[in-house]
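Only one structure is covered here, and it is reproduced in the block below.
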Amino acid sequence: MSKNYGYFDDAKREYIITDPMTPTKWTNYVGTIDFGGIVDNTGGALLCAGDPSLNRINKYIPQQLDTDFKGATLYLRVKHSNGYSLYSPFFTPCLTPLDSYACHVGLSYQRIVSECAGLKIEATIFVPTESKVEVRDITVTNQSNQPLEVDLIPVVEYSHFEALKQFTNADWVPQTMMSEAINDTPDTLTLLQYPFMRRDGLVNFLTSDRPVDSFESDRKNFLGVTGTWAAPQALTLDSLSNYEARRGDNIGSLLIKLGSITPQQSKRTIVLTGQASRDTYAELIHQFRDHNAVDAAFAGQAKYWDDYLSSYQCETPDANFDAMINVHNPRQCQTTFNWSRYLSLYQLGLGARGLGFRDSSQDSMGVLASIPAKAKELQKKLLSIQKPDGSAMHQFYPATMEANEGDSREEGEKLTYGDDHLWIILAVTAYIRETGDYDYLNESITFYDKNLPLDQREAAPVIDHLERGLHYTKHNCGKHGIPLLGFADWNDTVNLPGDAESFMVASLYGAALLEVIELFDYLGNEAKVAQYQADHADMKKVFNDQGWDGEWYRRYYTADGAPIGSKSNSHGKIYTNGQSWPVIAGFAGEERAQIALDAVEENLNTKFGIKLSTPGYDGYDPNLGGVSTYPPGAKENGGIFLHSNPWIMIANTMVGNGDRAYKYFCQINPAARNKDLDTYEVEPYCFAQNVLGDEHPQFGLGRNSWLSGTSSWTYQAATQYILGVKPSHHGLQIQPCIPRDWKGFTVRRSFRGANYAIKITNQNSSDQTVSHLTVNGEIIPGNTIPIAQPGTQNTIEVTLGAACPEHAVA
Ligand code: GLC
């Protein structure tokens, strides 16, 4: 029986953590990549501005013990006749048991409410929309029956802005770090911090709305020679030393004396951490010292989320499904959209990464209904790192737009990934289906060439970018006629030497072709439709001739022509993406699709999700690459790599198997692991990237939570394929594929400026084709709701299942 660590409060759209010592740190995100980062369940923070690797504020070391101080904290002390008692209202680093603790994981805010020493401390941590400041809004209430004299001591530990340098150079970094105290008003003090080279530029700041008794900016002074974060020696004294560090390990700590708090009295304090230029920080601070401005910013953020989430809300027979699809999953999609795979407790943002081309393309697809303009902005950045030959750079740093070839650089043999450029085709066409913004196709965007200044780079309309991507794959095939793998495809870890071929790249190409065909069909360009249909038919034939292994599809050919993902292999006999994608691409005929998906159920499914392949490779093999660096059952090597699960859900809806699609959703719904957290270990309110598979002794253990393509795709699978409300060029297409025993469900969806209240009734038959569809009472033939006038409210009634022959779909 697992320990209980918390529960969902659906009405408040929060998960409430009730034990500060969760099995790993559990995190939440505040702000955006422009300014923001991670706040953990014990109030630690990792903030960055614009780029985690190039502009980091806090020193937060995930590998340090979870009982440690990380990035930021708050001490509280109560004065007695003979000294002070010291507490950590967020539990770490003092670790003194609290009388109560609750961490409310909210939509872009973290609220930690705790009780100790007769006091209640409520701290709400958030980043006001579009501002470069973290607000800690702290209210202390005296619940005892005697007055208490209370001090608050917020602390931040700083990193050099170049995140990696902090860990690679322990002379240069400390020689440059400095702090400076400014009395910006007669009553207030701001502690600035910067590496010397930024003295006249961007500075970090820590301040409060209350007068500051004293401060400390040097870690050694704060802790004392034998002190620790659990018992800093400076906090035994009445005041801090007011030392302005000129080098060393810089911290910011403010001693804020709240004075006497009488029984039942509350005192509110605002603590601000941020970054601004020397000329502008005072203005920013001034703005958020005002309690009304803090309240308005917090309300503004709640409104942002109301609007964001209102674009798709469902009510189904399954409350867990609804909680995920209405709140936590779209919220995670916004998070992956912002952070890609750049900054989490697992992706440390120290420089090796940046935003990924394939990752961000897929992330943009998870936010289209809510923030299409932002999605487009990101897509345009991605298109600008596509190369003139149609392939793409693998990743880029958002602060500089400098792109690179990712991990392929380590090997050096092949610098292109077989798949990157195909994802952006899916992303751009999905954006256009959502918005009807066909002008986007004509917008001119440059191709990437790091040797040329921006104004000398070749530019072309977006549609050319997409067509060049198709062209690249068509003309880069191997000896079986299957597209070349390059360094890797979606599966980063199968790195086959020479001219290996990838069936997944072939399928992605097929899926991209289908989208482009639909687009040109809508635009009335018959020649292009014919051309791409022919390409699709050609690849479909080769794919089926070369790829069918008898009971499932193969996944790769090595350069020597040996299949991988075949019954002839001893390990890696069958791969999940090898089966889902041919269905999505329209390559698998009905019979093969069923057989392949049955093979997934039989060979790859577990109670915690579908494994990526099986059996796991057992030993390092340089000819396979990264996949064989993991033990069997871990990550891509036979682990449950959750990102691939929604593709199997989608494929199952395409063959009409709603029961299975739903079962696969439930298996990976993290909320379902709330009972099982001593095994699962990671946050139950967001998808993880990987869960250990059944070949591993720790089967069921999750890792790499938050930043995973699982989020965008599970959201798409649930909303567009299981519930089946999908944007098309002609309107909202209704094609649900739900469990047979669901009697129906409702969806509220906004689409191209109009609102649709959709009620779907399932006549309880296994045939779930739309038999009857009315729009505002009028019967419409087919299963597509026509595009309504912006601003209108539309009532849609849909019946599924063969009935009323006179209303049968045309
Ligand atoms: C990681 C990468 C992603 C890749 C996946 C499978 O999630 O960010 O790009 O597709 O692993 O290897």
Side-chain angles (χ1 to χ4, degrees), residues 52 332-333 335-349 352-366 382 385 392-396 403-411 416-424 426-427 485-496 502 504-505 507-508 511 555-556 564-565 572 575-578 580-581 609-613 616-617 624-630 634-648 668 682 686-691 693 702-714:
Q332 188 179 356
C333 287
T335 307
T336 58
F337 172 76
N338 261 296
W339 298 96
S340 195
R341 310 294 168 269
Y342 208 177
L343 187 72
S344 72
L345 293 193
Y346 308 91
Q347 321 272 1
L348 304 185
R353 210 148 172 143
L355 304 194
F357 193 95
R358 84 155 80 85
D359 293 329
S360 288
S361 296
Q362 296 170 74
D363 295 340
S364 80
M365 299 173 81
L382 295 169
I385 60 159
M393 301 298 285
H394 193 58
Q395 57 199 21
F396 71 98
N404 63 57
E405 290 96 348
D407 287 348
S408 69
R409 287 169 295 175
E410 287 164 22
E411 195 195 68
T416 303
Y417 288 71
D419 64 324
D420 279 330
H421 53 284
L422 296 168
W423 294 106
I424 194 71
L426 299 185
L485 172 67
F487 175 72
D489 60 23
W490 172 89
N491 188 333
D492 272 332
T493 66
V494 177
N495 315 117
L496 307 173
S502 160
M504 181 163 178
V505 175
S507 297
L508 255 180
R555 182 65 173 84
Y556 308 89
I564 292 186
Y575 278 72
T576 296
N577 295 340
S580 50
W581 276 93
I610 300 161
K611 296 181 279 183
L612 191 60
S613 62
Y617 300 101
L624 283 167
V627 67
S628 63
T629 60
Y630 299 107
K635 296 267 286 186
E636 285 96 333
N637 188 23
I640 301 165
F641 208 91
L642 293 171
H643 190 159
S644 66
N645 282 231
W647 293 328
I648 291 286
I668 65 162
V682 287
C686 60
F687 291 103
Q689 181 214 59
N690 68 82
V691 174
R703 275 298 181 270
N704 206 340
S705 53
W706 275 113
L707 301 185
S708 164
T710 316
S711 184
S712 166
W713 280 103
T714 307

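Atoms within each ligand, like the ligands themselves, are counted from 1 in listed order. Note that the numbering runs from 1 along the sequence shown for the chain.
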(message) One pair to check against ring-ring contact (aromatic ring centres under 6.0 Å, His included): H394 and Y417. What are the steps and the verdict?
(response) CA-CA 7 Å; H394 193 58; Y417 288 71; 3.5 Å; yes
(message) Looking at K635 and D492, is there a salt bridge between them, counting it only when a charged N and a carboxylate O are closer than 4.0 Å?
(response) no
(message) Just to be sure I understand the cut-off, which residues have at least one non-hydrogen atom under 4.0 angstrom from an atom of ligand 1?
(response) R341, R353, R358, D359, W490, N491, D492, E636, F641, Q689
(message) The criterion is salt bridge (Lys or Arg N to Asp or Glu O under 4.0 Å); which residues satisfy it with R555, sequence neighbours excluded?
(response) D489
(message) How close do W713 and H643 get, counting heavy atoms only, and between which atoms?
(response) CD1-NE2, 3.6 Å
(message) Just verifying a value: how many Å separate E636 CD and Y617 OH, rounded to the nearest 0.5 Å?
(response) 12.0 Å
(request) Give, for atom CZ of R341 and atom OG of S360, the distance between the pair rounded to the nearest 0.5 Å. (result) 7.0 Å
